[in-house]
Amino acid sequence: MRKNGEAGGSPLGRTLARRRAQRRAPSAVGLAADHPCFDCAQCCRYVAIEIDAPTAMHEYDYLIWYLVHPGVSVFVDFDGGWFVKFETRCRHLEPTGMCGIYETRPVICREFDHNECERQLGDEPADKWLFTNSDEFLSWFERQRPKAFRRFREWQSRHRKKRMPKELGRVREMAPWPPRETARR
Ligand code: SF4
Ligand code: SF4
């Protein structure tokens, strides 16, 4: 993967980026040191879900929402597919790096081919674009889609000027949470 989402990469990279989002890893109850998955388990540490390529203003806004959460990133593969990726360790990944439910693991894990995973890329980027936080995305957005970016800023500004619902306005008047007495205990 390339950190700031610069373009580049091989056809293998394109295939891999797509497949990364369609699978979970093959593991084994025991791996020999010469097994391609030995000491890796990289693909058991996240899930990636395909999303619509953003075109509408609220879709750009969703991307920002995803990206203000640590551990969530967005990537675009070499076929133009957009994905949201959550860093999350599979609960069945054992400390040894083995799959704890090897015999009953999901089909997506079973069918994933370690010959075509990101480990095979070496130094090649796995993604066409990668955004690990909202600033990275906004800077890409401004650079790559300047007209849409301007419309987005106007859209945001219109929404910020909207009258706040009464209930939300009251939040500022409410006591801090947790209540002071509880916090002292
Ligand atoms: S080598 Fe590839 S398939 Fe094997 S564990 Fe690592 S990322 Fe997963
Ligand atoms: S079920 Fe097993 S192979 Fe699938 S992600 Fe979890 S640890 Fe990896």
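Atoms within each ligand, like the ligands themselves, are counted from 1 in listed order. Residue indices begin at 1 and follow the sequence shown.
- The distance from ligand 1 to the heavy atoms of Cys37 drops below 4.0 Å at these ligand atoms: 1 (S), 3 (S), 4 (Fe), 5 (S).
- Remark: the backbone N or O of Tyr102 is paired with a side-chain donor or acceptor of Arg105 at under 3.5 angstrom.
- Here Cys117 meets the criterion, with an N, O or S atom under 2.8 Å of atom 2 (Fe) of ligand 1.
- Taking the six-membered ring wherever Trp is involved, the centroid distance between the rings of Tyr46 and Phe86 does not fall below 6.0 Å.
- Heavy atoms of Pro36 found under 4.0 angstrom from ligand 1 belong exclusively to the backbone.
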Take Trp155 and Arg151 through the side chain to side chain contact (heavy atoms under 4.5 Å, CB included) test and state the conclusion after the steps. CA-CA 6 Å; Trp155 179 87; Arg151 285 207 313 281; over 6 Å; no

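- With a heavy-atom cut-off of 4.0 Å, His114 touches ligand 1 through backbone and side chain alike.
- When each atom of ligand 2 is checked for a heavy atom of Cys90 under 4.0 Å away, the hits are 1 (S), 5 (S), 6 (Fe), 7 (S).
- Within the listing of ligand 2, atoms 1 (S) sit less than 4.0 angstrom from a heavy atom of Pro106.
- Checking Cys99 against atom 4 (Fe) of ligand 2, every N/O/S atom stays at or beyond the 2.8 Å cut-off.
- Between the side chain of Asn133 and the backbone N or O of Glu136, at least one donor-acceptor pair lies under 3.5 Å.
- Near Cys40, with a cut-off below 4.0 Å to any heavy atom, the atoms of ligand 1 are 1 (S), 5 (S), 6 (Fe), 7 (S).
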Using distance only, find each side-chain donor-acceptor pair of residues 53-61 under 3.5 Å and give its atom names and separation, not counting sequence neighbours.
{"from": "Thr55", "atom 1": "OG1", "to": "Glu59", "atom 2": "OE1", "distance (Å)": "3.3"}
{"from": "Glu59", "atom 1": "OE1", "to": "Thr55", "atom 2": "N", "distance (Å)": "2.8"}
{"from": "Glu59", "atom 1": "OE1", "to": "Ala56", "atom 2": "N", "distance (Å)": "2.9"}
{"from": "Tyr60", "atom 1": "OH", "to": "Pro54", "atom 2": "O", "distance (Å)": "3.4"}
{"from": "Tyr60", "atom 1": "OH", "to": "Arg145", "atom 2": "NH1", "distance (Å)": "2.9"}

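- Without hydrogens or angle criteria, Arg110 side chain to Glu103 main chain gives a donor-acceptor distance under 3.5 Å.
- Residue-ligand proximity, Arg119 to ligand 1, at heavy-atom distances under 4.0 Å covers atoms 1 (S).
- Using a 4.0 Å cut-off between heavy atoms, Cys43 contacts ligand 1 through both its backbone and its side chain.
- When each atom of ligand 1 is checked for a heavy atom of Phe112 under 4.0 Å away, the hits are 3 (S).
- A search for ring-ring contact (aromatic ring centres under 6.0 Å, His included) contacts involving Tyr66 returns nothing, not counting sequence neighbours.
- Proximity of a side-chain donor or acceptor of Arg45 to a complementary backbone N or O of Ala41 within less than 3.5 Å is detected.
- Atoms of ligand 1 lying under 4.0 Å from at least one heavy atom of Gln42, given by number and element, are 7 (S).
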